[in-house]
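This report concerns only the one structure given below.
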Amino acid sequence: MQTGEDNVSLRGNVFNIQRFTLHDGPGLRTELFLKGCPLKCAWCSNPESLKPYSQPGVFKSKCISQKKCGLCEDACPHSGALNFTRGKLSAIDRDLCSNCLACADACPSEAIKPWGKSMTVEECMAVIRKDIGYYQRSGGGVTVSGGEPLLQSEFVAALFKACKDENIQTCCESSFCVNWKDIARVLPWTDIIISDIKHMDPLVHKKYTRVENGRILENLQRLTREHRELILRIPLIPGVNDDMDNISATADFILSELGGQVRTLQLLSFMRLGEEKYRSLDMPYEMQSLRVNRRSFQKRVNDIARYFNGRGIHCLVGTKEKQ
C-alpha cells in the first residue's frame with residue numbers, strides 16, 4: 001500500500017537551499033531549510049523561517065522607485081498593502097497582505113524577496129542530484145533544517161526516502177519540539193540526527209524561546225532509547241545560558257539521561273546574524289542591545305568546551321563534526 005511518504009510529488013515549503021555547505025553534517029552537503037517553527041528564539045538568525053507559509057520580505061535599498069517602476073503596486077491585489085517612503089518601497093502592511101507574492105514575482109530588482117517556495121520532492125531531488133559526486137567523495141549528503149523541518153514531516157520523510165533510494169546520506173537537524181509521530185515518520189530514512197539544548201531550566205527556556213523544554217528533552221531521551229546517535233549543540237548566548245549552573249546541568253543530563261548516545265557536543269558562539277532579514281519582515285531583533293567582547297567570549301566558550309571534555313563528553317567548538 002502506498003503512503004504519503006512514497007509520493008514524490010508531495011510539496012514542502014522551502015525558504016532556502018544551500019549547496020556545498022560544510023556544516024550540519026559530515027562532508028559536502030546540500031541543505032534544505034523548511035518554513036515553520038514552534039519556537040521563537042530571541043537570537044534566531046533565520047526569522048524568515050518562523051511562519052509556516054511563504055512571505056514577502058522588503059529590501060528597500062534595492063527598490064528602483066515607485067515612479068520609475070511601480071510594478072509591485074500594479075501586481076498587488078490589496079490596495080494600500082505596499083508602503084512607500086520618499087518614493088521607494090519601505091514596508092508591507094502585514095494585516096492587508098495575503099502573502100500571494102505577486103509583488104515579489106513582479107519586482108525586477110529583488111527589492112521584494114519571496115521567503116518560501118512550494119516545492120515537490122522531485123524538484124528538490126533535481127537540485128540534490130547535481131552534487132551526488134561530491135557526496136560520494138566527501139562522505140556528505142543531504143541535510144534538512146529550518147525552522148523546524150519536522151512540522152513538515154511527511155514531506156521530509158518522502159524526501160529522505162527518495163534520497164535513500166539513490167544511496168544519498170541523510171541528516172535531520174531539528175529542535176524536536178514536535179509530536180513523536182512526526183519524528184517516527186522520518187526516522188526510517190534518517191542517518192544522522194542533529195539537535196540542540198538551549199537551556200535546562202524550563203522557565204528560562206520559555207522566556208527566550210516561547211516554549212518550555214519538556215517535550216524536547218523527552219524526545220531526545222526517547223531517541224537514545226531507540227539507539228539513535230545524536231550530535232548535540234549548545235548555542236551559547238552571553239548572560240542567557242553560559243553560566244556554570246546551566247552548563248553543569250546540561251552535562252548531567254547528557255551523561256545520565258542520554259545513555260552514551262551523544263557522538264559530539266558542538267558549542268556555537270553567539271553571532272549577530274540575520275538583522276537585515278528581521279527588517280525585511282518588519283520584525284524586531286530582540287538581541288539588538290546585546291554587545292559581546294568577541295575575544296573574551298571566545299575564551300569563555302573554549303573554557304566551557306574544556307569543562308565538557310573533562311566530564312567525558314566529546315565537545316568541539318563550531319559546527320564541523322570533525323576537527
Does the pair Glu48/Lys113 count as a salt bridge with the N-to-O cut at 4.0 Å?
no
Is the shortest distance from a Lys or Arg side-chain nitrogen in Asp24 or Arg29 to a carboxylate oxygen in the other one below 4.0 Å?
no
Step through the shown structure and confirm whether more than 12 heavy atoms of other residues, nucleotides or ligands are within 6.0 Å of [atom1] on [X].
X: Arg86; atom1: CZ; answer: no
X: Lys51; atom1: NZ; answer: no
X: Tyr134; atom1: OH; answer: no
X: Arg294; atom1: CZ; answer: yes

Is any side-chain heavy atom of [X] closer than 4.5 Å to a side-chain heavy atom of [Y]?
X: Phe160; Y: Cys172; result: yes
X: Cys171; Y: Val142; result: no
X: Lys60; Y: Arg279; result: no
X: Asp282; Y: Asp93; result: no
X: Leu268; Y: Trp43; result: no
X: Arg233; Y: Leu265; result: no
X: Cys97; Y: Pro56; result: yes
X: Ser174; Y: Ile194; result: no

For Ser145 and Glu173, run side-chain hydrogen bond (donor to acceptor under 3.5 Å, both in side chains): C-alpha distance rounded to whole Å, both residues' side-chain angles, the deciding distance at 0.1 Å, then the answer.
CA-CA 5 Å; Ser145 186; Glu173 181 182 8; 3.0 Å; yes
Apply side-chain hydrogen bond (donor to acceptor under 3.5 Å, both in side chains) to Tyr135 and Thr30, showing your working.
CA-CA 9 Å; Tyr135 311 147; Thr30 298; 2.5 Å; yes
Grouping I, L, V, M, F, W and Y whenever their side-chain heavy atoms are under 4.5 Å apart, do [X] and [Y] come out in a common cluster?
X: Val186; Y: Phe33; answer: no
X: Ile234; Y: Leu255; answer: yes
X: Val121; Y: Phe15; answer: no
X: Ile304; Y: Phe297; answer: yes

Of all heavy-atom pairs between Asn219 and Val178, which one has the smallest distance, and what is that distance?
ND2-O, 3.0 Å
In short, Phe270 meets Pro238 closest at the heavy-atom pair CB-CD, 3.8 Å
May I ask you to list the residues sharing a hydrophobic cluster with [X], side-chain cutoff 4.5 Å, ordered by chain and number?
X: Leu273; value: Met271
X: Leu89; value: Val58, Leu82, Phe84, Ile92, Ile112
X: Leu96; value: none
X: Ile64; value: none

Hydrogens and angles aside, do [X] and [Y] bring a side-chain donor and acceptor to less than 3.5 Å of each other?
X: Lys35; Y: Gln55; value: yes
X: Gln298; Y: Ser269; value: yes
X: His199; Y: Asn213; value: no

List in chain and number order the residues that pass side chain to side chain donor-acceptor pair (under 3.5 Å) with [X], two or more places apart in sequence or in another chain; answer none if no residue qualifies.
X: Glu226; value: none
X: Glu229; value: Arg263
X: Gln221; value: Glu257
X: Lys299; value: Asp303

May I have the step-by-step check of side-chain hydrogen bond (donor to acceptor under 3.5 Å, both in side chains) for Trp115 and Ser49, ending in yes or no?
CA-CA 8 Å; Trp115 291 125; Ser49 74; over 6 Å; no
Please, which pairs that meet salt bridge (charged side-chain N to carboxylate O under 4.0 Å, His left out) have at least one residue in residues 187-212, sequence neighbours excluded?
Lys164-Asp191, Asp196-Lys198, Arg210-Glu286
Among all residues two or more places apart in sequence or in another chain, which pass the salt bridge (charged side-chain N to carboxylate O under 4.0 Å, His left out) test with Glu148?
none
Listed partners of Asp252 passing salt bridge (charged side-chain N to carboxylate O under 4.0 Å, His left out), at least two apart:
Arg311
Kindly state each residue pair satisfying side chain to side chain donor-acceptor pair (under 3.5 Å) with at least one member in residues 70-85, sequence neighbours excluded.
Gln66-Glu73, His78-Ser98, Thr85-Ser90
Inter-residue atom distance Ile183.CD1 - Arg228.CZ, 0.5 Å rounding
11.0 Å
How long is the span from the CD1 atom in Ile313 to the CD1 atom in Ile254, to the nearest 0.5 Å?
4.5 Å
Applying side-chain hydrogen bond (donor to acceptor under 3.5 Å, both in side chains), run through Arg11 and Thr120 and close with a yes or a no.
CA-CA 4 Å; Arg11 306 188 77 88; Thr120 65; 5.3 Å; no
